[in-house]
Amino acid sequence: MAKMPAKTLSSEALRQFHDWVDEYPNKRSMLMMVLRLVEEEFGCIDDDAMEIAADLCGVNVAHVQGMVTFYTHFKRPAHGKHRFMVCATLMCALDGNTDQALAQIRAKLGLKPGEATPDGLFSCEKVECLADCDKPPVIQKDDEHFCSMKGPALDAYIDKLLTAEGKTSEQYLAATPVTMDLRVAVLPVHYNFEGEQNVGARRFDDKDPYFAPGEGSENGSARTTGVPPALKTPLTAPVAGGALNPSNAGHGANGTSGGQHG
Amino acid sequence: MAETTPPAAPPAPPASEAPKPKPVVPFSPVILKHIHEPNAHTLEHYLARGGYETARKHVGETDPASLVAIVKDSGLRGRGGAGFPTGMKWGFLAKGTGKPAYLAVNGDESEPGTFKDRHILEKDPHQLLEGVILTCWAIQSNHAFIYLRGEFILGYQRLEAAVKEARAKGFIGEKSFGKDFPLKVTVVRGAGAYICGEETGMLSSIEGGRGYPKIKPPFPAVSGLFKCPTIVNNVETIANVTHIVKNGADWHKQWGTEKSPGYKIFCLAGAVKKPGVYEVPLGITMREFIDVYGGGMVEGRTLKAVIPGGLSAPLLTPEMVDKCTLDYESLAGLGSMLGSGGITVLHDGVDMMSAIYNTMRFYHHESCGQCTPCREGTGWLEKLAHKHHAGHAHAGDTDLLADVAKNMRGRTICVLADAAAMPMQSYLQLFRPEFDKRVAAPEYVEKGRTARDEITPAAKRESVTHGAPGVLDVGMGMDRV
Ligand SMILES: Cc1cc2nc3c(=O)[nH]c(=O)nc-3n(C[C@H](O)[C@H](O)[C@H](O)COP(=O)(O)O)c2cc1C
Ligand code: SF4
């Protein structure tokens, strides 16, 4: 019965969340932004992050999994630390612009679209229109946006990243890249199959200490800034069990079966 | 009521009195006027050019119905794609339901070839925000959502900063402009789904779900966000509102045609010398736009086709381009659409089979998968387009393409299926010989070659991949003929 320590959100992130609570008519509608919040907090959206997002927004974890597999821009654990997104839609692809950018990335990092370097530092993927079609090819590297990104500019940029990471192009060309696996586990790893009360996402309602008046609130109403005392305990239910056997991992699209065991 | 009528003498531009015969009125950009100035995104810059004065004047003072009337009068049409008259849409907002009304601003800008909202969001977010405030007052909504595509990172930061500044100044908040008008503006980020540009898909996303479009009717104006009456408008549409309310309906009608009044931002991409965003009066000729604004075709190339309104719009051949003017009716008359104003110019070297294959891949990737004709149909179109592109299509495959495309139209929840079928049908109609050339003839098959090899030898194909053989397998399949 080893308890898995789950990740927790930092107090800044929680404060941001609490600022948002007043902005939205219900907690579920905060999900898009909360997913961004956990993405920024943990660097990507992994199982823990999905569970925390489900907790915060009062929805089922399966629902969050459905979201994360639907929207392609969320960063997942399989993506590289440096995630190259190359626009492959017609306007960029005309005249071989996209092909050239992809060829350069391949020549430097040995990556085809959909692959990541074995050390997880770099990944490359084709994406659809990035809305800057007059300056092809358009590439996004995580939060950075580049226009007309081919030729020496792209090479120099990759070299800069390689140097910053202390890597060389030759190292990556010699290594075998891995195919990115963006599927989600059928159930998140922290699922507890023994105690029924812990199955499914924890549901918060407004009586939950989570939304109760915090220490710092002047008017005594819930949902103000300041971290409520309840948050000093971990958000996710610490539960028994190890990681899900990878062979049980299913396709994201079918992953909606989780969470309804009650 | 007297002061609610539009000012008789509009300050800008210094033109003769409206309404005069068109199109004599000189035009200079309105919405994009300041985008080239550094710091145009800051509050100081916006206030220095008279920003928020219009909102201050009208919020809490003017009868909302008269604002709706001005917009209706101006003939402003939605800039997001469908071109629906904006004032009329506002008029459809369900009243007296006891539910709050919402404004949802569509900044998803996912239609390939369109990049106008990006410039407004990144370079002049306060302009949009003032439009949002005025619109909310006009439709009496206390909460506006602005939905941006997740890839707009700078745009999000700038808009979020602008909202904070406006809140700090009291332009939005419990008492906007000190009047009894509470207003919240919430910015929501998407995460890379074309379908969230469809209005009900966007609402599903804001509600915290997958971006699944919903059956219409009920239209959002009756039952939209959180099942409350909702007005959905494009970023550019909303940015127009400030200028129309400030200068009056007649000022807006100085430009454009009878049925498409005003001006619009067009995005020009592809084989022209000066691609970019240009704000022009509606009704100018497509030739003028390409030759004067776009600087003409790139050196050594001639025009093969134009995609006039984003990737979903049926193509125009050079003869159609000659007849075309940039307004909703002219393009509809040519069997295409003005759409979002994303104009892409294809030169004579573009292999149309590459282009259609790439296009179909886009729709297959972006179909949300709710409706069978769309989910399966886009897949079939992609596969069959790939077969043609790769030169091993069978004899009946071209007709099958036409059949699948025809059967996708008008049978689905949203019009993405139509948006995928329309370009396919127009390619088939205009470039049928190119399809037929790719059908594998028995003599090629005997030689172990594909039809594509006959047209574009493999060696030449690789040349466009700039010396990296093999990349074509994973690339876009774009090659020159
Ligand atoms: C598949 C699809 C994608 C769309 N993408 C966008 C988009 O990216 N931006 C946009 O403003 N409208 C888009 N629209 C149009 C919207 O559904 C809607 O008509 C528009 O936002 C209404 O605003 P308007 O009246 O100001 O044009 C799209 C429609 C469809 C069917
Ligand atoms: S038409 Fe396509 S994108 Fe639209 S709802 Fe149906 S499946 Fe989804």
Side-chain angles (χ1 to χ4, degrees), chain A residues 20 22-36 39 57 59 63 66-74 85 87-100 102-104 106-107 112-114 126-136 140 142-145 150 253, chain B residues 109-115 117-118 143 149-154 184 186 188-194 205-211 226 267-271 275-277 307 311 342 344 346 349-350 354-355 358-359 361-362 365-366 368 464-468 471-472 474-476 478-480:
Chain A
W20 278 338
D22 294 328
E23 286 281 315
Y24 291 82
N26 63 32
K27 275 174 266 167
R28 186 185 189 261
S29 60
M30 300 166 70
L31 201 41
M32 286 306 278
M33 293 306 274
V34 166
L35 282 169
R36 289 294 182 183
E39 181 188 37
C57 297
V59 297
H63 178 79
M67 300 268 290
V68 169
T69 48
F70 183 83
Y71 295 99
T72 51
H73 194 248
F74 291 128
M85 291 169 266
C87 174
T89 309
L90 186 67
M91 289 75 195
C92 269
L94 280 174
D95 286 336
N97 283 311
T98 305
D99 278 337
Q100 187 185 347
L102 287 171
Q104 282 181 257
R106 191 170 181 191
K112 285 191 293 206
K126 290 193 286 197
V127 295
E128 302 299 349
C129 188
L130 291 172
D132 224 348
C133 318
D134 53 340
K135 306 177 216 70
Q140 244 186 20
D142 298 312
D143 282 0
E144 291 174 80
H145 180 87
K150 60 176 183 180
Chain B
E109 186 142 85
S110 38
E111 184 68 36
T114 319
F115 40 98
D117 300 345
R118 168 189 285 282
H143 198 165
R149 60 179 303 176
E151 292 87 341
F152 281 175
I153 288 152
L154 182 64
K184 278 193 226 171
T186 309
V188 181
R189 285 181 72 191
Y194 170 61
S205 185
I206 297 177
E207 287 168 0
R210 289 182 162 204
F226 311 108
C267 319
L268 187 56
V277 280
I307 306 175
L311 201 59
T344 305
L346 307 182
V350 173
S354 311
N358 186 300
T359 307
R361 194 213 58 228
F362 173 81
H365 184 261
E366 298 298 339
C368 84
V464 298
T465 66
H466 306 273
V471 166
L472 213 80
V474 297
M476 301 326 97
M478 299 302 299
D479 43 42
R480 297 182 199 203

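None of these values were measured; they are calculated from a predicted model. Per chain, numbering begins at 1; letters A, B, ... match sequence-line order. Reckoned from all heavy atoms, side chains included, excluding hydrogens, waters and symmetry mates.
Note: A:Arg36 leads A:Met33, A:Arg36, A:Lys135 in heavy-atom pairs under 4.5 Å with chain B. Here B:Val188 is the residue among B:Val277, B:Ile307, B:Val188, B:Thr114 with the most heavy-atom pairs under 4.5 Å with chain A. Most heavy-atom pairs under 4.5 Å with chain A: of the set B:Ala271, B:Gly190, B:Ser110, B:Gly342, this distinction falls to B:Gly190. Options B:Glu109, B:Arg149, B:His365 differ in how many heavy-atom pairs under 4.5 Å they form with chain A, and the most are formed by B:Arg149. When each of A:Leu35, A:Asp143, A:Leu31 is scored by its heavy-atom pairs under 4.5 Å with chain B, the top score falls to A:Asp143. Annotation: maximal heavy-atom pairing with chain A below 4.5 Å, among B:Ala193, B:Ala269, B:Pro112, occurs at B:Pro112.
Of all non-hydrogen atoms in A:Phe74 and B:Ala191, the two that sit nearest each other are CZ-CB, 3.5 Å. B:Gly192 approaches A:Thr72 most closely through the heavy-atom pair O-OG1, 2.9 Å. When all heavy atoms are compared, the tightest approach of A:Ala88 to B:Asn358 is O-ND2, 3.0 Å. When all heavy atoms of A:Tyr71 and B:Gly209 are compared, the pair lying nearest together is OH-O, 2.8 Å.
If you measure heavy-atom distances from B:Arg189 to chain A, the contacts under 4.5 Å come from both the backbone and the side chain. Heavy atoms of A:Gln140 lying under 4.5 Å from chain B belong exclusively to its side chain. Looking at B:Leu154, there are no atoms closer than 4.5 Å to chain A (heavy atoms on both sides), in backbone or side chain. Proximity to chain A is limited to the backbone of B:Ile206, based on heavy atoms less than 4.5 angstrom apart. For chain A, the nearby parts of B:Thr186 are the backbone and the side chain; heavy atoms of each come within less than 4.5 Å. For A:Arg28, the parts lying near chain B are the backbone and the side chain together; criterion is any non-hydrogen pair under 4.5 Å. B:Phe362 touches chain A through backbone and side chain together, each having a heavy atom under 4.5 Å away.
Between B:Glu207 and A:Asn26, every side-chain heavy-atom pair lies at or beyond the 4.5 Å cut-off. By the 4.5 Å heavy-atom criterion applied to side chains, B:Ser205 and A:Met32 are counted as neighbours.
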Residues A:Leu90, B:Thr344; criterion side chain to side chain contact (heavy atoms under 4.5 Å, CB included); working and verdict: CA-CA 9 Å; A:Leu90 186 67; B:Thr344 305; 5.7 Å; no
A:Cys129 and B:Phe115: CA distance, side-chain angles, deciding distance, side chain to side chain contact (heavy atoms under 4.5 Å, CB included) verdict: CA-CA 10 Å; A:Cys129 188; B:Phe115 40 98; over 6 Å; no
Steps toward side chain to side chain contact (heavy atoms under 4.5 Å, CB included) verdict (A:Glu144, B:Ile153): CA-CA 8 Å; A:Glu144 291 174 80; B:Ile153 288 152; over 6 Å; no
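Distance check: A:Tyr24 OH to B:Lys184 NZ gives 10.5 Å after rounding to the nearest 0.5 Å. Between atom NE2 of residue A:His63 and atom CZ of residue B:Arg210 there is a gap of 9.5 Å, rounded to the nearest 0.5 Å.
Remark: the backbone N or O of B:Glu151 is not paired with any side-chain donor or acceptor of A:His145 at under 3.5 angstrom.
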